Number of protein chains: 2
Amino acid sequence: MSENAGRWLRDEIENSILSNEFSPGERLDEMVLATRFGVSRTPVREALMQLDAIGLIEIRPRRGAVVIDPGPHRVYEMFEVMAELEGLAGSLAARRLDEASREAITATHSRCEQSAAAGDSDAYYYDNEEFHKAIYAAGRSEFLEEQCLQLHRRLRPYRRLQLRVRNRLSTSFSEHCAIVDAIFAGDGDEARRLLRTHVGIQGERFSDLVASMAAR
Amino acid sequence: MSENAGRWLRDEIENSILSNEFSPGERLDEMVLATRFGVSRTPVREALMQLDAIGLIEIRPRRGAVVIDPGPHRVYEMFEVMAELEGLAGSLAARRLDEASREAITATHSRCEQSAAAGDSDAYYYDNEEFHKAIYAAGRSEFLEEQCLQLHRRLRPYRRLQLRVRNRLSTSFSEHCAIVDAIFAGDGDEARRLLRTHVGIQGERFSDLVASMAAR
DNA sequence: GTCAACAATCGTGTATACAAGAATCGCGTT
DNA sequence: AACGCGATTCTTGTATACACGATTGTTGAC
């Protein structure tokens with residue numbers, strides 16, 4: 001456990017929410033959490049306050065905390081913003097690319113290629129994350145990178161669902177190829193455009209998302 | 001005071017930080033805050049946890065909380081992200097504009113015109129905020145609107161400094177005019193482009209920002 | 001039988017007490 | 001006189017106790 005219980009609990013509960021162990025709408029009882037993690041209510045409350053500030057849960061005064069249920073429309077909005085931020089990261093990456101970032105992108109990109117070829121969607125899920133993180137880092141904007149990582153984290157469960165859709169693996173990878181080309185060519189505008197459409201969910205992909213969310 | 005002390009304190013301390021009453025780097029002593037606001041340490045700690053989660057302060061384990069000092073470079077990065085988000089809001093606004101939003105934009109825009117004509121930079125500062133908020137709202141994306149408002153809030157002190165720069169008022173207003181035209185014409189791409197350059201700080205405006213930050 | 005009002009219970013909000021690590025100050029040594 | 005080491009003090013981290021509002025269950029009246 002981390003050196004202070006509050007911080008540790010925050011991560012612990014956050015992971016439980018993002019891995020769907022606590023379902024959206026579920027009530028989070030302070031005493032239950034406290035006994036479950038073997039601490040008093042104080043650090044539990046501090047963790048909940050932080051999760052409320054981040055927007056993962058909602059604390060209604062005197063009525064306890066519940067896991068926020070974004071709903072399909074809001075998830076769509078979040079992907080829309082994510083697409084925009086990733087687009088910016090990509091355009092910055094194209095302009096500021098250095099040797100280390102280039103290698104990081106190449107390495108994660110080829111790992112994606114292998115997973116896609118193997119049809120291993122779980123492996124691709126992980127490699128895809130690393131690929132995108134490499135692009136965030138290549139943009140050389142700490143604030144942007146943090147924002148991207150945070151949103152990426154929140155959207156993780158939905159992204160996972162998305163990947164299970166038919167043909168998504170090969171489609172995703174071929175989009176990656178074009179993105180890498182644009183970044184390596186220093187074409188910021190093209191990288192931005194490609195990343196926006198890659199990350200955003202338009203047309204039938206939105207129905208896919210809704211369907212997979214309803215399936216839970 | 002709000003119905004619970006923690007929430008109230010969070011807003012109170014947040015405002016104190018954003019209005020520069022607590023300077024960047026300053027140490028926030030729990031007992032001092034508690035006695036100052038007439039409460040115990042418990043709600044103070046809860047407020048601090050939330051501010052830490054938002055990114056306004058940093059709580060170093062066992063060593064207390066300090067107000068984060070972004071530094072010019074990080075502020076630049078934040079404006080860069082803000083520009084991107086506002087660009088998205090503008091493009092959405094252009095596509096989804098309805099009568100109510102159109103009127104809100106028109107109203108705030110004309111208030112900006114009056115303040116700019118009067119050379120009243122304090123009034124313009126406020127009207128400008130409302131104008132931008134009207135655009136966020138017109139985009140019809142709750143999540144995006146929230147993100148915009150939060151970043152806008154955090155950048156408020158620096159924005160204020162910016163406005164004092166010579167000629168900025170009239171320049172800003174003429175940019176507003178073009179933005180309004182693009183949105184009302186339904187030209188999302190143009191609105192996006194104009195807002196990006198309007199909000200972003202490039203070239204000499206970055207030096208202006210650094211200079212005004214150093215002046216504090 | 002249904003609805004409303006009241007009471008009991010449960011859970012959150014706040015204060016306080018205690019424990020433990022960090023910072024500080026003083027003393028001793030070189 | 002300067003530096004290092006130790007004790008003291010101060011502040012944070014956690015637990016517990018208490019108070020108050022919300023929720024729920026029960027009883028009574030219509």
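Proteins get letters first, then strands, A, B, ... in listed order; numbering begins at 1 in each. A quick note: this is a predicted structure, and the numbers were derived from the prediction, not measured.
- Overall, the helix from C:dG1-D:dC30 to C:dT30-D:dA1 carries an axis bend of 10° between its ends, with five pairs at each end and the value rounded to 10°.
- The CD-P distance, from B:Glu46 to D:dT12, rounds to 16 Å in whole Å.
- In the set D:dT14, D:dG13, C:dG13, C:dG13 carries the atom at the smallest distance from any side-chain atom of B:Asn4.
- Residues in residues 97-111 of chain B take part in these salt bridge (Lys or Arg N to Asp or Glu O under 4.0 Å) pairs, two or more places apart or across chains: B:Asp98-B:Arg140.
- Taking the side chain as every heavy atom from C-beta outward, B:His198 and B:His132 approach each other to under 4.5 Å.
- Whole-Å rounding puts the B:Ile59 CD1 to D:dT11 P distance at 16 Å.
- The stretch residues 49-75 of chain A participates, sequence neighbours left out, in no ring pair (Phe, Tyr, Trp, His ring centres under 6.0 Å) pair at all.
- Every pair passing ring pair (Phe, Tyr, Trp, His ring centres under 6.0 Å) that includes a residue from residues 31-52 of chain A is listed here, sequence neighbours excluded: A:Trp8-A:Phe37.
- Phosphate contact (OP1/OP2 of C:dT12, side-chain N/O of A:Arg63, threshold under 4.0 Å): absent.
- An OP1 or OP2 oxygen of C:dT12 is reached within less than 4.0 angstrom by a side-chain nitrogen or oxygen of A:Arg27.
- B:Arg96 is linked by a side chain to side chain donor-acceptor pair (under 3.5 Å) to nothing, counting only residues two or more places apart in sequence or in another chain.
- Taking atom CE on A:Met49 and atom C1' on C:dT14, their separation rounds to 11 Å, with Å as the unit.
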Using a cut-off of under 3.5 Å, enumerate the N/O to N/O pairs linking the protein to nucleotides 16-20 of chain D.
from   : atom 1 : to      : atom 2 : distance (Å)
D:dT16 : O4     : A:Thr42 : OG1    : 3.4
D:dC20 : O2     : A:Arg62 : NH1    : 3.1

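- What separates CZ of B:Arg60 from P of C:dA22 is a distance of 12 Å, to the nearest Å.
- If you take CZ of A:Arg7 and P of D:dT14, they are 10 Å apart, rounded to a whole angstrom.
- Taking B:Tyr76 as the reference, B:Phe206 meet the ring pair (Phe, Tyr, Trp, His ring centres under 6.0 Å) condition, with sequence neighbours excluded.
- Checked against salt bridge (Lys or Arg N to Asp or Glu O under 4.0 Å), A:Glu84 has the following partners two or more places apart in sequence or in another chain: A:Arg196, B:Arg192.
- Here C:dA15 presents its P atom at 14 Å from CZ of B:Arg45, a figure rounded to the nearest Å.
- Between B:His176 and B:Phe131, the ring planes are parallel. Angles under 30° get that label, and only those over 60° would be called perpendicular.
- Sorted pairs that involve residues 82-102 of chain B and meet ring pair (Phe, Tyr, Trp, His ring centres under 6.0 Å), not counting sequence neighbours, are lacking altogether.
- Going from atom CG of A:Asp52 over to atom C1' of C:dT12 covers 14 Å, rounded to whole Å.
- In this structure, B:Glu30 places its CD atom 4 Å from P of D:dT12, rounding to the nearest Å.
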